[in-house]
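Quick notes on the structure that follows.
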Amino acid sequence: MNRFRTSIWILLALCWASPGVSANPSIEAMLQQADGIRTSDLHGFNRLLDRLDGLAAQATDPQRERLRLLHAYRALMRGDADGAILILEELSATVDDPVTRYRVGALQANTFAINRRFEEGLRVLESLLPASDGVEDVAARHQGLLAAGILYNQVGEFDLGMRSAQRVLSEGSSGRNLCLARNLVLEARLGEGQRVEDARIRDAISSCEAESETILAGFANSYLARNLHAAGETGGAIEVLEAYLPRVEDAAYPLLIGEYHSMLAEYRMKQGDIAAAEHHAGRAIEHVTSLTNTLSLVVAFRTLYEAALQQGDHEAALAMYRRYADADGAYLQEVRAREMAYRIVRHEARQQAQQIELLNERNTVLDLQKRVSEQRSQNRGLLILLLALALATIAAWAYRTKRIQMRLRRMTEVDMLTGISNRHHFSEAAHRSLARCLRDDEPVALVMFDLDHFKQVNDRFGHAAGDWALKQVALVCGPLCRPVDSFGRLGGEEFAILLPGLSLRDGIRLAEDARARLEAIDSSGSGFRMRVSASFGVTDTGLSGFEFNRLLSHADRALYRAKRGGRNQVCGYRPEEVAHLAVVPGRDNSDKGQGAQALQS
C-alpha cells in the first residue's frame with residue numbers, strides 16, 4: 001500500500017469555503033462559483049479566474065483577498081508551489097480577519113508539504129491547531145483539521161491523521177469535506193495495515209461522486225481494487241480499475257493516472273498477461289516520471305524487470321532492474337525524510353516548551369529576588385538560596401538544551417539503522433580528507449559496495465530481515481576501518497569506505513577482506529536462512545583524481561562491472577583504454593554463477 005499516495009492530489013483537493021456575501025453581488029457570485037468547481041472542473045475554474053482578474057478593480061478588499069486565495073490554488077494546480085507560498089505569505093501578513101487567517105494557515109501547511117518542505121508545514125500546524133477550538137466557523141475549522149490529517153498521514157503519523165479526520169466526521173461534515181475526511185480515514189487505516197471493509201470504501205466513493213470529485217473518488221476506487229486483489233480476486237480488481245480508468249484519464253491528473261496504470265501493470269503480470277502488463281507499466285512511467293519518489297514508478301519498473309526476465313531478455317532485465325532499484329531507493333529515502341521531519345519538529349516543540357517553562361521559572365526567581373532585596377536586612381539567607389536556585393535552573397536549562405542539540409546533530413550525521421555515517425556526513429568527511437591528502441601529496445582509495453540481490457531479502461523475508469542484514473554489514477566491516485577512515489551508508493543497500501593514505505592495491509585488499517567477512521555472516525540470528533554477499537568497486541586518486549564525485553563515479557563503474565561479472569567479487573576501476581579487470585588475486589573467478597545466489601536461502 002502506498003503510504004503517501006495523497007502527497008499531491010489530496011493537498012490540491014483541500015481549499016477554503018466562501019465567506020459571507022460582500023458588497024459586489026456579481027463578483028461574489030463568480031467567486032462562489034469558482035470556489036465550487038475548483039476540483040471538479042479545472043478548465044471552468046481557470047476561465048472564471050481570468051474573468052475575475054478583469055473585475056478586480058471593482059471588488060471590495062475581502063473579495064480581492066479571496067481572489068488571491070484562488071490564485072494560490074491555481075498556482076498549486078499548475079505545479080508552482082513556490083508561487084503559491086509567496087501569495088499565502090503575503091496574505092498571512094495583511095489579512096486581519098482571524099477566520100481568513102486560519103484558512104490561509106491551513107493552505108500554507110499543505111502547500112509547504114507539496115513543495116517537500118515538511119518541517120515548515122508541520123511548524124505551521126503547531127501554531128494552527130491550538131486555535132482550532134476557538135474558530136466558530138465550522139467550514140474553516142474543518143479545513144484546518146483536514147490539513148492536519150493530510151500532513152500527518154504524509155509523514156506516517158496515521159493515528160494523528162485519523163483523529164483529525166474523524167473529528168471532522170463527528171461534527172457532521174458534508175459535501176466535499178465529507179468526501180475528503182472519509183478518504184483520509186481510509187488512507188490512515190490502510191497505512192497502519194488495517195483491513196477496511198468494502199462497504200466503507202464504497203461509501204467514500206459515493207460521497208465523492210455526489211460532489212463530482214472524480215479525483216478523490218478515483219483514489220477511493222483504487223482502495224477497493226487493492227482490497228479485492230488482497231482477497232485473491234485479482235480479476236475483479238482489474239475490472240474495477242479498468243471501468244474507472246476513462247474517468248480518471250478525463251480528470252487529467254498525472255499522479256492518479258500513474259497510480260491506476262501501475263496497479264493494472266502489477267495485476268496483469270500476476271495473471272501472466274505480459275503484453276498488457278508492459279503496456280500499463282509504460283503508461284504509468286509516462287505520467288509519473290516527473291513526479292519523483294512515487295511508489296507507482298517503483299511498481300512500473302519492477303513489472304518491466306519481471307517481464308523482461310520471463311521473456312529471457314536479460315540485458316533489458318538488468319537495465320530495468322537498475323531503474324527499479326534507483327526508484328525504490330529514492331522512494332524509501334523520501335519516506336524516511338518525511339518521518340524525520342516530524343521527529344525534528346516535535347523535538348523543536350518540546351525544546352520550545354522547555355525554554356518557555358524555564359523562562360517562567362527565571363521570571364519567578366527574579367520576582368523573588370526583588371522581594372528579597374527589599375527585605376535583605378531581614379532575610380539575607382533566603383537571598384543566597386534564591387540565587388543558588390537561579391544558577392541551578394540556568395545550568396539545568398543549558399544542560400538540557402545541549403543534550404537536545406547533540407541528539408539532533410547525531411540524527412543529521414548518523415544513519416539511524418546501522419549507526420555509521422549517513423550519505424551527507426560521509427560526503428562532508430570525504431571532502432575534508434581529500435583536501436588534506438591533496439595538500440600533503442598522499443593517495444586516497446575509495447571502496448564502494450552494495451549487497452547482492454538485497455531486494456529479494458525484503459520481498460522474501462520482510463524488511464525486518466533486510467534491516468538485520470544492513471546492520472550486520474556495519475558490524476563486520478566497521479572493524480576493518482582505521483580512525484582516519486570514513487565508513488558510510490550512501491542509501492539503501494549501498495555503502496562506501498574512504499581510505500586516506502592507501503592506494504588502489506590496499507583498497508582492493510581491504511575490499512576482499514570485507515567481501516569474505518560478509519560472505520561468512522551467520523544468518524541464524526535473523527531467524528531466516530539467507531546468504532549475504534556483496535559486489536565491490538575500488539578506485540584511488542592515482543586513477544581518478546581528488547574530486548570526490550569523480551571518485552564515486554569511477555568506483556561505481558567498477559562496482560557495476562563486478563555485478564555484471566557475476567557478483568560477490570571485487571573489481572578495481574580501469575580507464576577505458578586499459579583492458580585489465582582488477583579482480584582480487586587468488587579468487588576463483590570461473591564460477592560466476594555463485595554470486596547470483598547471494599542473499600538467497
Side-chain angles (χ1 to χ4, degrees), residues 1-15 39 73 76-77 79 81-82 84-85 88 105-129 142-168 177 179-194 196 204 215-216 218-220 222-223 226 253-256 258-259 288 291-298 328 330-349:
M1 178 66 194
N2 185 352
R3 294 176 57 190
F4 301 103
R5 67 193 318 127
T6 57
S7 60
I8 300 176
W9 68 268
I10 209 165
L11 295 167
L12 300 180
L14 184 61
C15 214
T39 56
Y73 180 77
L76 289 178
M77 295 302 293
D82 289 330
I85 289 172
L88 293 169
L107 192 57
Q108 273 184 309
N110 283 333
T111 308
F112 279 130
I114 291 174
N115 215 23
R116 298 181 66 195
R117 293 159 65 176
F118 296 103
E119 291 181 29
E120 293 174 76
L122 289 165
R123 290 189 187 104
V124 171
L125 282 186
E126 287 289 330
S127 60
L128 183 76
L129 291 181
H142 286 180
Q143 180 191 352
L145 292 170
L146 291 172
I150 290 166
L151 201 47
Y152 284 141
N153 277 4
Q154 286 180 289
V155 298
E157 294 297 320
F158 295 109
D159 181 60
L160 295 176
M162 189 182 307
R163 278 190 236 167
S164 298
Q166 286 179 332
R167 179 176 172 186
V168 173
N177 282 353
C179 160
L180 181 53
R182 284 178 170 175
N183 269 275
L184 285 174
V185 170
L186 291 176
E187 181 185 53
R189 290 187 183 279
L190 293 169
E192 290 184 333
Q194 299 180 22
V196 179
I215 294 176
L216 293 172
F219 275 101
S222 73
Y223 301 151
R226 290 185 182 277
Y253 192 66
L255 190 68
L256 180 58
E259 177 79 10
V288 299
L291 307 173
T292 57
N293 307 332
T294 62
L295 188 60
S296 298
L297 203 59
V298 176
D328 189 56
Y331 169 70
L332 293 176
Q333 193 72 13
E334 174 75 3
V335 171
R336 295 190 187 99
R338 296 183 187 196
E339 294 173 345
M340 180 65 71
Y342 175 77
R343 289 197 290 268
I344 288 174
V345 172
R346 291 308 302 158
H347 273 294
E348 290 176 351

Approximate separation, where rounding is to 0.5 Å, of Arg163 CZ and Phe158 CZ:
14.5 Å
According to salt bridge (Lys or Arg N to Asp or Glu O under 4.0 Å), who are the partners of Arg336, at least two apart in sequence or on a separate chain?
none
For the atom pair CG (Leu216) and CG (Leu180), what is the distance rounded to the nearest 0.5 Å?
6.0 Å
Closest non-hydrogen atom pair between Leu184 and Ala165, with its separation:
CB-CB, 3.8 Å
Would Glu126 and Leu122 count as a side chain to side chain contact (heavy atoms under 4.5 Å, CB included) if you check the C-alpha gap in whole Å, the side-chain angles of each, and the deciding distance to 0.1 Å?
CA-CA 6 Å; Glu126 287 289 330; Leu122 289 165; 5.6 Å; no
Nearest heavy-atom contact between Ala106 and Gly144 is CB-CA, 3.9 Å
To the closest 0.5 Å, what do you measure between CG (Asp328) and CD (Gln333)?
11.5 Å
Could I get the full list of side chain to side chain contact (heavy atoms under 4.5 Å, CB included) partners for Gln166, not counting sequence neighbours?
Met162, Val185, Arg189
Separation of Gln108 CD from Ile85 CD1 (nearest 0.5 Å)
8.5 Å
Quick one, Tyr223 with Val196, criterion side chain to side chain contact (heavy atoms under 4.5 Å, CB included). Give me CA distance, side-chain angles, the key distance, then yes/no.
CA-CA 9 Å; Tyr223 301 151; Val196 179; over 6 Å; no
To the closest 0.5 Å, what do you measure between OG (Ser222) and CG (Leu256)?
7.5 Å
Mind checking the CZ-CG spacing from Phe219 to Asn183? Nearest 0.5 Å is all I need.
9.0 Å
Salt-bridge contact Arg226-Glu187 (side-chain N to carboxylate O under 4.0 Å)
no
I need the minimum non-hydrogen distance between Leu145 and Ser164, along with the two atoms involved.
O-CB, 3.3 Å
Do you know the tightest heavy-atom contact between Leu186 and Ala204?
CD1-CB, 3.7 Å
Measuring only between side-chain heavy atoms, which start at C-beta, is Asp159 closer than 4.5 Å to Tyr152?
no
